[in-house]
Novice: 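Below are the structure tokens for one structure; questions will follow.
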Amino acid sequence: MSFRTIEWRDDKVIMIDQTRLPGEEVYCEYGDYKSVAEAIRGMIIRGAPAIGVAAAMGVALGAREIIADTPESFLRQLDNVCDVMARTRPTAVNLFWAIERMKRVAAEHSDRSLDEVREILKAEAIRIEEEDLELCKAIGRHGAALIPEGATVLTHCNAGGLATAGYGTALGVIRAAHEAGKNIQVFADETRPWLQGARLTAWELMKDGIPVTLISDNMAGFFMKNGEITCCVVGADRIAANGDTANKIGTYSVAVLARENNIPFYVAAPTSTLDLSLENGDQIPIEERHAREVTHLQGLPVAPEGIAVRNPAFDVTPARYIAGIITEKGVITGDYTAKLKALVTP
Ligand code: MRU
């Protein structure tokens with residue numbers, strides 16, 4: 001891929017600034033954990049797996065800022081760093097998964113010197129990034145088989161290289177099908193209000209030479225009813241034990257439209273996006289973001305001043321609308337409760 005979403009370089013965390021794409025390809029450098037937390041909150045980096053990687057790297061930076069003379073004091077201060085990271089965005093479970101993994105590694109090595117623990121945490125954060133890239137490629141390999149030759153694939157939001165350590169989940173499936181030589185094209189929903197589809201999915205697919213057509217969100221039904229969409233593939237922020245899936249606001253509408261038009265609707269996500277502690281999607285916390293994302297476009301008002309606004313950033317698609325969940329371990333269909341459990345049981 002011709003861009004790097006996030007990397008650890010010279011004890012700094014480097015991220016492509018996703019608030020400035022597609023106009024400018026700017027890389028930001030972070031040397032402390034609080035600014036990484038701000039970058040996650042401010043959507044410099046976004047997408048469930050990518051914010052998991054960012055949180056892990058933030059924890060590794062935080063470990064370097066801690067001054068402690070006992071392992072207990074170090075772990076206590078690391079907990080505070082983790083709390084700051086955990087308060088950035090509530091819906092994507094990958095964030096909490098990555099933080100817990102970092103905490104566990106720190107606790108397992110707490111008998112080592114402070115310098116050693118810092119190095120171990122840095123290595124773990126880099127490992128999470130490297131693993132994510134491999135997981136996305138495996139998701140791509142499994143999912144590509146579901147995409148027929150000549151397909152037009154509708155996707156929502158950005159579940160691409162920009163939302164992961166690279167390659168993507170939903171876009172990983174599309175990339176893998178394209179790389180396998182299938183003649184496919186993508187319809188990208190613009191994804192109001194933050195425009196991840198228009199600004200990010202369109203940008204990264206065009207960069208890779210994958211045919212992509214941009215549509216506004218309210219056009220999806222038109223193209224489905226016209227017989228122009230073969231299947232839908234989206235990413236996920238959190239998947240409950242019964243398969244109910246939280247993803248970018250508007251995903252639920254796409255899934256219902258797909259069912260009405262007999263079009264298969266697939267979710268692509270790594271198993272780190274599963275939250276089997278939640279029985280169903282009603283229990284998934286949904287982030288509500290600032291009204292300005294709805295009232296303004298590129299800084300310009302598109303609504304009267306003072307208008308009441310709601311801005312949930314995610315919705316939950318009930319499992320019954322999902323034709324298959326594509327993970328790095330394979331595609332599961334049907335009885336999600338039993339099959340998701342089996343997927344993570346060693
Ligand atoms: O608010 P965002 O841009 O972080 O939301 C991102 C999404 O909803 C993605 O579809 C999801 O995180 C999957 S990314 C592989």
Side-chain angles (χ1 to χ4, degrees), residues 1 5-6 15-19 21 39-55 88-98 129 132-133 135-140 143 154-175 186 188-201 203-205 217 232-239 245-255 265-275 281 284-290 293-294 311-317 322 325-328:
M1 299 196 42
T5 305
I6 181 166
M15 300 176 199
I16 191 167
D17 184 347
Q18 301 195 27
T19 66
L21 288 170
I40 296 172
R41 191 174 292 113
M43 311 265 287
I44 302 289
I45 191 159
R46 32 64 52 200
I51 64 176
V53 174
T88 51
R89 298 196 68 193
T91 303
V93 77
N94 308 62
L95 179 91
F96 306 98
W97 170 88
E129 186 214 341
D132 185 64
L133 188 58
L135 296 180
C136 285
K137 292 200 170 151
I139 289 170
L154 184 131
T155 191
H156 190 72
C157 192
N158 172 265
L162 288 166
T164 59
Y167 207 72
T169 55
L171 296 195
V173 170
I174 288 164
R175 276 199 171 88
V186 177
D189 279 351
E190 68 172 351
T191 318
R192 275 280 285 153
W194 212 77
L195 302 177
Q196 286 92 334
R199 298 194 307 102
L200 309 177
T201 294
W203 180 78
E204 68 167 89
L205 290 180
D217 298 325
C232 305
V233 187
V234 301
D237 285 84
R238 196 185 291 227
I239 302 174
T245 295
N247 190 51
K248 179 53 52 194
I249 192 77
T251 302
Y252 169 54
S253 316
V254 171
F265 174 92
Y266 299 109
V267 168
T271 48
S272 53
T273 305
L274 300 178
D275 184 354
I284 299 176
I286 300 294
E287 175 182 14
E288 286 235 13
R289 293 187 62 86
H290 202 279
E293 291 180 353
V294 178
N311 186 17
F314 301 95
D315 59 27
V316 174
T317 299
I322 301 171
I325 299 180
I326 308 161
T327 75
E328 75 276 12

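Counting starts at 1 for both ligands and their atoms, following the listed order. Nothing here was measured: the structure is a model prediction, and the numbers come from that model.
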Novice: Under the rule for salt bridge (charged side-chain N to carboxylate O under 4.0 Å, His left out), what residues qualify as partners of Glu288, not counting sequence neighbours?
Specialist: Arg310
Novice: Does either side chain, that of Arg46 or that of Asn158, offer a donor lying less than 3.5 Å from an acceptor on the other one?
Specialist: yes
Novice: Counting C-beta onward and ignoring hydrogens, is there a side-chain heavy-atom pair between Leu95 and Ile40 closer than 4.5 Å?
Specialist: yes
Novice: First locate atom OG1 of Thr169, then atom CG of Asp132, and finally report the distance between them rounded to the nearest 0.5 Å.
Specialist: 9.0 Å
Novice: Do Thr201 and Leu171 have side chains that approach each other closer than 4.5 Å (heavy atoms only, starting at C-beta)?
Specialist: yes
Novice: What are the polar N/O contacts of ligand 1 with the protein below 3.5 Å, with distances?
Specialist:
residue: ligand 1; atom: 1 (O); partner: Arg89; partner atom: NH1; Å: 3.4
residue: ligand 1; atom: 1 (O); partner: Arg89; partner atom: NH2; Å: 2.8
residue: ligand 1; atom: 1 (O); partner: Lys248; partner atom: NZ; Å: 2.7
residue: ligand 1; atom: 3 (O); partner: Arg46; partner atom: NE; Å: 2.8
residue: ligand 1; atom: 3 (O); partner: Arg46; partner atom: NH2; Å: 3.2
residue: ligand 1; atom: 3 (O); partner: Gln196; partner atom: NE2; Å: 2.8
residue: ligand 1; atom: 4 (O); partner: Gly47; partner atom: N; Å: 2.9
residue: ligand 1; atom: 4 (O); partner: Arg89; partner atom: NH1; Å: 2.8
residue: ligand 1; atom: 8 (O); partner: Asp237; partner atom: OD1; Å: 2.8
residue: ligand 1; atom: 8 (O); partner: Asn247; partner atom: OD1; Å: 3.2
residue: ligand 1; atom: 8 (O); partner: Lys248; partner atom: N; Å: 3.2
residue: ligand 1; atom: 10 (O); partner: Asn247; partner atom: OD1; Å: 2.6
residue: ligand 1; atom: 12 (O); partner: Ala48; partner atom: N; Å: 2.8
residue: ligand 1; atom: 12 (O); partner: Asp237; partner atom: OD1; Å: 3.2
residue: ligand 1; atom: 12 (O); partner: Asp237; partner atom: OD2; Å: 2.9

Novice: Does the pair Asp217 and Arg192 meet the rule for a salt bridge (charged side-chain N to carboxylate O under 4.0 Å, His left out), with working shown?
Specialist: CA-CA 7 Å; Asp217 298 325; Arg192 275 280 285 153; over 6 Å; no
